[in-house]
Number of protein chains: 2
Amino acid sequence: MVGKSASSVGVKEPSVSWGKVELLKAIAHPVRIMILDELTKGVKCVSDLEEFLDIRQPNVSQHLGLLRMHGIIDYYMDGRLRCYFLKDPFIPEMLGLLKKQYNEDFPAPVCCPVTKRGKYPGGRR
Amino acid sequence: MVGKSASSVGVKEPSVSWGKVELLKAIAHPVRIMILDELTKGVKCVSDLEEFLDIRQPNVSQHLGLLRMHGIIDYYMDGRLRCYFLKDPFIPEMLGLLKKQYNEDFPAPVCCPVTKRGKYPGGRR
DNA sequence: CATGCATATTCAAATATTAGAATATTTGAA
DNA sequence: TTCAAATATTCTAATATTTGAATATGCATG
């Protein structure tokens, strides 16, 4: 069962899947991020979100529909209310990352400074 | 200097900043994700990426330019090569998250099933 | 200082995203 | 059954993104 790790054997590391990139695209909108952040705190109905977001109801519904089509959220009915909730466990972790503060950038690689020639790690030249 | 935490006082939790949403948008493209994943492994010049991505050079440069404009990557010159490298420490963590496998969705909240009325947590009705 | 390699820029066409307006649907209550 | 509340859908105009083609730039080398 247990064998060499993928990297030790030269097998390709699992890369980011097409589906995950689609998910990223679906999330990458200020309104949808706010919706998701709100849903992290608990179930919300459309009119709650409408008030919170301060945008028009049809637009809220459009964003909710998009998120639902991607399997990121879902809803249940409560009377005439649609109670939306978070479905994808990836989302809270993603939001946590997005809220994290990073104080410094990575340093430039050692083969700088700029004008020093011939150090390209790939072997080309 | 030190005081109560934001949450203990009812102050709004820091939400996702506008800048972070912009960063998400910049990242949310299959080619750019591949570029970033590749740069995670080390410095790459444009023609290396061109070969790896199998798209035309001007297009590679366009994506690189976009990422650079967002402060996500930078480059140094090595002779006539532009050696691009990762600058934003957020990226590797994000890629790690994107590669993570999630086996189950969150369960629907307890106030289901659908027809049970009057349980909306927000108090409306 | 001319040449060629590595890369960037500009432009245009195709396509995708977004938000609003108008309208439709669904459900519970009277 | 009728009405009103809650939400969804459709259509459209504005805008943004993406790509390819053509071309330009910068630098190292002879």
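None of the values given here were measured: they were computed from a predicted structure. Per chain, numbering begins at 1; letters A, B, ... match sequence-line order.
Put simply, CG on A:L64 is 6 Å from P on D:dA8, counting in whole angstrom units. Rounded to whole Å, the distance from CD on B:E50 to P on C:dA8 is 11 Å. Taking atom CE of B:M69 as the reference point, atom P of C:dT9 lies 8 Å away to the nearest angstrom. B:Y84 places its OH atom 8 Å from the C1' atom of C:dT7, with the value rounded to the nearest Å. One interatomic measurement links the two molecules: CG of B:L81 to P of D:dT29, which rounds to 11 Å at whole-angstrom precision. We find that CD1 of B:I35 is positioned 13 Å from C1' of D:dT18, with the value rounded to whole Å. Separating the OH atom of B:Y76 from the P atom of C:dA6 is a distance of 16 Å, rounded to the nearest angstrom. Put simply, CD on A:Q57 is 15 Å from P on C:dT26, counting in whole angstrom units.
Judged by distance alone, the side chain of B:H29 and the main-chain N or O of B:V31 form a donor-acceptor pair under 3.5 Å.
The minimum heavy-atom distance between A:V21 and B:A28, with the atom names listed, is CG1-C, 4.5 Å. Closest non-hydrogen pair, A:L24 versus B:M94, comes out as CD2-SD, 4.5 Å. Contact detail for B:K25 and B:R32: the closest heavy-atom pair is O-NH2, 3.9 Å. For the residue pair A:S15 and B:D37, the shortest heavy atom distance occurs at OG-OD2, 3.0 Å. Taking all atoms of both residues into account, the shortest heavy-atom contact from A:V43 to A:C83 is CG1-CB, 3.3 Å. The two residues B:E50 and B:I55 make their nearest non-hydrogen contact at CG-O, 3.3 Å.
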Write out a two-atom table: protein N or O, nucleotide N or O from nucleotides 14-21 of chain C, distance below 3.5 Å.
unit_1	atom_1	unit_2	atom_2	d
C:dT18	OP2	A:R32	NH1	3.4
C:dT18	OP2	A:R32	NH2	3.2
C:dA19	OP2	A:H63	NE2	2.8
C:dA19	N7	A:Q62	OE1	3.3
C:dG20	O6	A:Q62	NE2	3.3
C:dA21	OP2	A:R56	NH1	3.3

What's touching nucleotides 1-5 of chain D from the protein side, N or O pairs under 3.5 Å?
none

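The aromatic rings of B:Y102 and A:F90 sit perpendicular to each other, their planes meeting at more than 60°, with 30° as the lower class boundary.
The shortest distance between the side-chain N/O atoms of B:S47 and the OP1/OP2 oxygens of C:dT7 is below 4.0 Å. Considering only side-chain N and O atoms, B:Y75 lies nowhere under 4.0 angstrom from the phosphate OP1 or OP2 of C:dA8.
With C:dT7, C:dT27, D:dA8 as the choices, the nucleotide that has an atom nearest any side-chain atom of A:M77 turns out to be C:dT27.
Secondary-structure stems of DNA chain C, taken as three or more successive Watson-Crick or G-U wobble pairs (i with j, i+1 with j-1) under a 3.5 Å distance threshold, comprise C:1-30 with D:1-30.
Between the side chains of A:S61 and A:Q57, at least one donor-acceptor pair of N or O atoms lies under 3.5 Å.
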Under the side chain to side chain contact (heavy atoms under 4.5 Å, CB included) rule, what do B:F85 and B:L39 come out as? Steps first, then yes or no, please. CA-CA 6 Å; B:F85 60 89; B:L39 290 184; 5.8 Å; no

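To the nearest 0.5 Å, atoms CG (A:D105) and CG (B:L86) are separated by 9.5 Å.
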